[in-house]
Structures are given as structure tokens and as C-alpha cells.
Colleague: 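Below is a structure I'd like to ask you about.
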Amino acid sequence: MPGGGFCKLPGGSVVVALSLPSPAGEGGEAHRYGEGATVRVLVHAVNRARALTRLRNLGLRAVYLRGNTHPPTPDEITAVLHHPEGLLWRTHPGRDFELWHPIRALLRPQPRPAAHGRPHEDHV
């Protein structure tokens with residue numbers, strides 16, 4: 001698993017940054033970047049365990065933080081602190097021109113194509 005890290009803030013909360021394989025096959029916006037792509041996920045939480053629990057509750061089951069090899073940068077900390085949900089992602093390694101996305105965009109299923117023809121209507 002690619003690296004990750006955390007930063008403890010003066011108020012006692014933490015920002016956790018993880019680089020994860022893109023869930024490209026599962027749908028969502030990350031499908032544009034292909035199978036081998038990784039995404040950088042930022043989580044703002046009360047503690048590290050709660051941050052990982054927030055990700056697991058969203059369906060990212062095999063998420064672990066081992067060590068502090070790639071802690072969040074000051075720009076990443078600012079981005080996640082200013083987001084109302086405290087969960088962001090973007091492709092990694094750094095396409096710096098890309099904006100941060102809410103986590104819903106990563107996990108959103110792809111829309112299914114509409115069925116052919118009109119649905120059968122019964123008139124009484």
C-alpha cells in the first residue's frame with residue numbers, strides 16, 4: 001500500500017493523509033484515471049483511529065496507517081480544514097492543477113444507461 005501520514009493540530013484533532021489505489025473499477029469519478037492510478041485521501045477527525053473509521057464506514061475496508069512517511073502538506077491541511085465534511089481526495093502523485101474533490105465523487109456509482117423504449121403504462 002502506498003504511503004500515508006498524519007499531522008496533529010494545535011486543537012488536538014488530526015489530519016490523516018493516505019495514498020490509496022484508485023477504486024477505478026467500482027465507478028465514481030476516479031475511473032477517468034485508469035486502473036493503476038492512486039488517489040490521495042485527506043481526513044480531518046478527532047484522532048487517527050476515528051479518521052480511519054470514517055474511511056472504513058464509506059466502504060474503503062483495507063485502510064491502514066503504518067508510520068508517518070508521507071504526512072499531509074500545509075496546503076493539504078488547509079484544504080481539508082476548509083471543507084465542511086473534512087473528507088477530500090485527488091489523484092496522486094500531484095497533478096497540482098487539479099482541485100480537491102469531495103469523497104462522494106470518488107465513491108459515486110456510475111449512472112446506468114437508460115432502458116430502451118418507454119415503460120409500459122396501464123391506463124384505466
Colleague: Given the rule in the side-chain contact (heavy atoms from CB on, under 4.5 Å) test, do Leu87 and Leu58 qualify, once you have shown the distances and angles that lead to the verdict?
Modeller: CA-CA 11 Å; Leu87 281 164; Leu58 292 170; 3.7 Å; yes

Colleague: List in chain and number order the residues that pass side-chain contact (heavy atoms from CB on, under 4.5 Å) with Thr73, two or more places apart in sequence or in another chain; answer none if no residue qualifies.
Modeller: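 Partners of Thr73 by the side-chain contact (heavy atoms from CB on, under 4.5 Å) criterion, ordered by chain and then number, come out as Asp75, Glu76.
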
Colleague: Looking at every non-hydrogen atom in both residues, tell me the closest pair between Arg90 and His101 and how far apart they are.
Modeller: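 Of all heavy-atom pairs spanning Arg90 and His101, the closest is CA-CD2, 4.3 Å.
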
Colleague: Any chance CZ of Arg50 has more than 12 other-residue heavy atoms, nucleotides or ligands included, within less than 6.0 Å?
Modeller: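 No, not enclosed.
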
Colleague: A side-chain contact here means heavy atoms from C-beta on lying under 4.5 Å apart; do Thr38 and Leu20 qualify?
Modeller: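 No, every pair of side-chain atoms sits at 4.5 Å or beyond.
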
Colleague: Is any side-chain heavy atom of Leu55 closer than 4.5 Å to a side-chain heavy atom of Thr53?
Modeller: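 Leu55 does not reach Thr53 side chain to side chain.
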
Colleague: What's in the same ILVMFWY side-chain cluster as Leu81, cut-off under 4.5 Å, chained through other members?
Modeller: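 ILVMFWY cluster around Leu81 also holds Leu9, Val15, Leu42, Ile77, Val80, Leu88, Trp100.
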
Colleague: Answer yes or no: is there a side-chain heavy-atom contact under 4.5 Å between Thr91 and Arg40?
Modeller: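 No, their side chains stay 4.5 Å or more apart.
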
Colleague: Not counting sequence neighbours, which residues clear side-chain contact (heavy atoms from CB on, under 4.5 Å) with Arg48? List them please.
Modeller: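 So Arg48 forms a side-chain contact (heavy atoms from CB on, under 4.5 Å) with Phe6, Val14, Val16, Leu65.
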
Colleague: Which atom names give the shortest non-hydrogen contact between Thr78 and His82, and what distance separates them?
Modeller: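 Nearest pair, atom of Thr78 first, then His82: O-ND1, 2.8 Å.
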
Colleague: Taking all heavy atoms of Ala45 and all of Arg54, pick out the closest pair and write down the distance.
Modeller: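 Scanning both residues completely, I find the closest heavy atoms to be CB-CD, 4.4 Å.
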
Colleague: By side chain to side chain donor-acceptor pair (under 3.5 Å), which residues pair with Ser13, not counting sequence neighbours?
Modeller: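 With neighbours one apart ignored, the set is His44.
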
